[in-house]
Amino acid sequence: MPSPWVPAPVEGWELACERLVGALAGKRFCLLSGAGCSTESGIPDYRGGGTARRARSPIRFREFIQDELGRRRYWARSTLGWPRFRSAEPSRAHLGAASLEKGGRLTGIVTQNVDRLHTRAGAERVVELHGALAEVVCLDCGALESRDELQVRLLDANPGWLEQVVELAPDGDAELPVECVRDFRVCGCVRCGGVLKPRVVFFGEGVPVETVRAAYEHVDAAEALVVAGSSLAVFSGYRFVRRALERGCPVHVVNIGPTRADQVATERVAGAAGEVLERLAARLC
Ligand code: NAD
Ligand code: ZN
């Protein structure tokens with residue numbers, strides 16, 4: 001899948017990367033990753049420079065639960081977006097992170113991404129803070145179904161749906177005119193016919209406590225926190241920066257655009273996450 005936008009690294013990032021290698025030498029650290037780790041895999045981020053012009057608002061939890069039309073719009077778009085989203089391949093960022101884990105450098109990876117690409121790259125100690133689009137859960141009976149299986153059912157119920165020309169949006173979504181949504185047929189749970197929801201945390205929805213606890217374990221076991229490819233605009237990710245700082249643990253940022261942790265970061269590398277994580281793996285493992 002071609003990348004829709006890969007940002008240009010800011011001048012001087014290589015020097016900063018060398019300083020980061022020095023700061024992390026001999027330490028085990030936690031990697032907190034965000035959408036910027038997947039832009040090189042062709043999945044757009046929300047707040048990067050290439051995305052601002054496509055400003056849009058993803059569905060909120062309340063809308064999904066309460067509004068039948070909103071839900072139908074979600075599944076109509078998602079059916080279009082899923083084939084491209086699922087076919088994204090791990091980038092150098094995911095492969096670099098997996099090498100760092102295998103080399104014993106990481107306490108774990110806490111990812112805000114829902115694309116499962118860290119796991120696909122071979123990482124094992126991954127906490128998916130916001131879940132993964134690859135799974136669907138029934139809100140009535142709790143049954144799980146794979147998104148691939150649901151896709152088959154959705155396409156059976158809506159023959160020819162994929163023939164529409166659309167632009168892939170973040171989170172496996174796709175842009176679609178409202179009038180097209182009316183005719184879309186949503187599928188229910190195979191077991192009870194109940195309402196299905198992707199097993200991801202929507203805006204306006206809380207992260208499950210056990211997931212947060214698992215993420216804190218990775219952060220608390222670490223001697224440093226490295227944030228890669230995240231603006232940290234969302235509090236559910238930023239809280240781990242706060243936790244690290246409370247513990248007196250240094251925070252480093254690998255991100256091309258500005259982040260909420262820039263003022264508190266010990267090192268700030270404005271380079272591409274793929275290139276930097278690949279280098280860290282080569283130098284530290
Ligand atoms: P964000 O869009 O707020 O920030 C991404 C940051 O990454 C930007 O600051 C951008 O400058 C930077 N960036 C982009 N490409 C980069 C690269 N190659 N190297 C280095 N930096 C790069 O993303 P976020 O902070 O992760 O928050 C978005 C939320 O939306 C997440 O919580 C996530 O659940 C969801 N989301 C997920 C995906 C995905 O699963 N791939 C994609 C979009 C959004
Ligand atoms: Zn059910």
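What you are looking at is a predicted structure, and each value in this text was computed from that prediction instead of being measured. Both counts, for ligands and for their atoms, begin at 1 and track the order of listing.
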> Honestly, is Arg73 close enough over Phe184, meaning NZ or CZ under 6.0 Å from the six-membered ring centre and within 45° of the axis?
Replying inline: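 So Arg73 doesn't make the cation-pi contact.
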
> Can Lys197 be said to sit on top of Phe202's aromatic six-ring, NZ or CZ under 6.0 Å from centre and within 45° of the ring axis?
Replying inline: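 Satisfied, under 6.0 Å and within 45°.
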
> After noting the C-alpha distance and the side-chain angles of Asp45 and Thr39, does the key distance pass the side-chain hydrogen bond (donor to acceptor under 3.5 Å, both in side chains) rule?
Replying inline: CA-CA 6 Å; Asp45 59 7; Thr39 51; 5.6 Å; no

Would you call [X] a ligand 1 contact, heavy-atom distance under 4.0 Å?
X: Ala272; answer: yes
X: Gly229; answer: yes
X: Ser236; answer: no
X: Gly271; answer: yes

Considering only heavy atoms of [X], which atoms of ligand 1 have at least one such atom less than 4.0 Å away?
X: Leu232; answer: 25 (O)
X: Gly34; answer: 26 (O)
X: Ile43; answer: 41 (N)
X: Pro44; answer: 42 (C), 43 (C)

One residue to check: [X]. Relative to ligand 1, which of side chain, backbone, both or neither has a non-hydrogen atom less than 4.0 Å away?
X: Ser38; value: side chain
X: Asp45; value: both
X: His130; value: side chain
X: Thr39; value: side chain

> Does the side chain of Phe29 reach to within under 4.5 Å of the side chain of Leu225, using non-hydrogen atoms?
Replying inline: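 No, side chains not in contact.
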
N or O contact, [X] vs ligand 1, cut-off under 3.5 Å:
X: Ile256; answer: yes
X: Val114; answer: yes
X: Phe203; answer: no
X: Gly257; answer: yes
X: Ala273; answer: yes

> Where the Zn ion (ligand 2) is the corner point, what angle links SG of Cys138 with SG of Cys189, to 10°?
Replying inline: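 Value returned, to the nearest 10°, is 110°.
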
>> How wide is the angle at the Zn ion (ligand 2) spanned by Cys192 SG and Cys141 SG, rounded to 10 degrees?
In response: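 So the angle at the metal works out to 110°.
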
> Do we see a donor-acceptor contact under 3.5 Å between the side chains of His130 and Thr111?
Replying inline: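 No pair is found: no donor N or O on one side chain lies under 3.5 Å from an acceptor on the other.
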
If you take the nearest heavy atom of each of [options], which one is closest to [atom]?
atom: atom 34 (O) of ligand 1; options: Arg92, Glu128, Gln112, Glu40; result: Gln112
atom: atom 44 (C) of ligand 1; options: Phe85, Tyr238, Tyr46; result: Tyr46
atom: atom 1 (P) of ligand 1; options: Ser231, Ala88, Ser230; result: Ser231
atom: atom 41 (N) of ligand 1; options: Leu133, Leu117, Asn113, Asp115; result: Asp115

Whether [Y] and [X] form a salt bridge (side-chain N of Lys/Arg under 4.0 Å from carboxylate O of Asp/Glu) is what I want to check.
X: Arg147; Y: Glu135; result: no
X: Glu89; Y: Arg120; result: yes
X: Arg283; Y: Glu18; result: yes
X: Arg153; Y: Glu145; result: yes

> If two hydrophobic side chains count as joined below 4.5 Å and joins carry through other members, does Leu31 share a cluster with Val219?
Replying inline: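 No, Leu31 does not connect to Val219 through the hydrophobic network.
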
> Hey, does the side chain of Ser230 reach the backbone of Ser33 with a donor-acceptor pair shorter than 3.5 angstrom?
Replying inline: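 No.
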
>> Surrounding CD of Glu68 (heavy atoms of other residues, nucleotides or ligands, distance under 6.0 Å), is the total greater than 12?
In response: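 Counting other residues, nucleotides and ligands, CD of Glu68 exceeds 12 neighbours.
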
>> Using a 6.0 Å cut-off, check whether atom CZ of Arg242 has over 12 heavy atoms from anything other than its own residue.
In response: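 Open.
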
> How long is the span from the CG atom in Asp220 to the CZ atom in Arg247, to the nearest 0.5 Å?
Replying inline: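 So the CG of Asp220 and the CZ of Arg247 are separated by 5.0 Å.
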
